[in-house]
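Only one structure is covered here, and it is reproduced in the block below.
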Amino acid sequence: EYIVELVEETRRNDMFSMGASPRGTIAILNMAKAIAVIDGRDFVNAEDVQDVVRDTLGHRVKLGQKARAQGMNMDLAMEALIRTVKAPRN
């Protein structure tokens with residue numbers, strides 16, 4: 001649910017002129033699962049998701065004109081996205 005909310009926010013937020021597709025959701029989930037396995041867990045937590053959002057969505061979304069005019073880059077946009085969507089408790 002958290003991953004879906006993050007991806008949906010890329011479509012709702014005017015910071016982005018083009019939001020992520022459903023494939024972005026799948027990419028985040030797969031990468032977060034890999035992080036969990038590397039860490040020896042059989043479950044994904046919010047921190048895993050946050051750790052991979054930049055790499056999995058950064059090239060799947062496009063910054064809007066307003067965000068660019070404010071001097072925002074993709075790293076800042078991803079940080080703002082993570083802050084905007086409330087993470088579930090682990």
Side-chain angles (χ1 to χ4, degrees):
E1 195 171 307
Y2 179 50
I3 296 171
V4 171
E5 285 295 318
L6 284 167
V7 171
E8 286 180 351
E9 184 64 22
T10 67
R11 295 184 207 131
R12 286 190 299 254
N13 195 312
D14 64 354
M15 181 170 42
F16 303 103
S17 63
M18 183 182 79
S21 72
R23 279 191 271 168
T25 306
I26 294 166
I28 293 172
L29 179 60
N30 287 338
M31 291 293 290
K33 282 181 179 181
I35 295 294
V37 168
I38 290 168
D39 287 346
R41 289 181 278 109
D42 62 352
F43 61 92
V44 170
N45 61 32
E47 187 177 314
D48 298 331
V49 172
Q50 293 167 354
D51 287 346
V52 301
V53 162
R54 288 166 201 80
D55 294 327
T56 54
L57 290 188
H59 68 284
R60 296 174 188 271
V61 297
K62 185 175 179 183
L63 283 180
Q65 288 181 336
K66 183 178 177 181
R68 287 194 310 271
Q70 294 173 342
M72 188 169 281
N73 60 31
M74 193 56 71
D75 286 336
L76 293 173
M78 291 294 111
E79 280 296 321
L81 176 67
I82 290 168
R83 284 193 311 271
T84 301
V85 178
K86 185 179 178 182
R89 290 188 225 165
N90 292 331

Taken in chain and number order and not counting sequence neighbours, the residues that satisfy side-chain contact (heavy atoms from CB on, under 4.5 Å) with A87 are Y2, A46, Q50

D14 meets the salt bridge (charged side-chain N to carboxylate O under 4.0 Å, His left out) criterion, sequence neighbours left out, with K66

Candidate pair N13 and L81, rule side chain to side chain contact (heavy atoms under 4.5 Å, CB included), full reasoning
CA-CA 9 Å; N13 195 312; L81 176 67; 5.8 Å; no

Listing, residues 69-77 side-chain donor-acceptor contacts under 3.5 Å, not counting sequence neighbours, or none:
| from | atom 1 | to | atom 2 | distance (Å) |
| --- | --- | --- | --- | --- |
| N73 | OD1 | D75 | N | 3.1 |
| N73 | OD1 | L76 | N | 2.8 |

Between R12 and E9, is the salt bridge (charged side-chain N to carboxylate O under 4.0 Å, His left out) condition met? List the steps.
CA-CA 5 Å; R12 286 190 299 254; E9 184 64 22; 3.0 Å; yes

Between G24 and V7, the two heavy atoms sitting closest are C-CG2, 4.3 Å

Heavy-atom nearest pair, G58 first then M78, reads N-SD, 4.2 Å

Validation row: E47, I35 side chains within 4.5 angstrom (heavy atoms)
no

For L57 versus A20, what's the shortest heavy-atom pair and its separation?
CD2-CB, 3.6 Å

Suppose we screen for salt bridge (charged side-chain N to carboxylate O under 4.0 Å, His left out). Which residues come up paired with R41, at least two apart in sequence or across chains?
D39, D48

How long is the span from the CG atom in L6 to the CD1 atom in I3, to the nearest 0.5 Å?
7.5 Å

Non-neighbouring partners of R23 that pass salt bridge (charged side-chain N to carboxylate O under 4.0 Å, His left out), sequence neighbours left out
none

Gap separating the CD1 atom of I28 from the CG atom of D51, nearest 0.5 angstrom
12.0 Å

Only counting residues at least two apart or in another chain, list the ones meeting salt bridge (charged side-chain N to carboxylate O under 4.0 Å, His left out) with K33.
none

Given the rule in the side chain to side chain contact (heavy atoms under 4.5 Å, CB included) test, do E8 and V85 qualify, once you have shown the distances and angles that lead to the verdict?
CA-CA 10 Å; E8 286 180 351; V85 178; over 6 Å; no

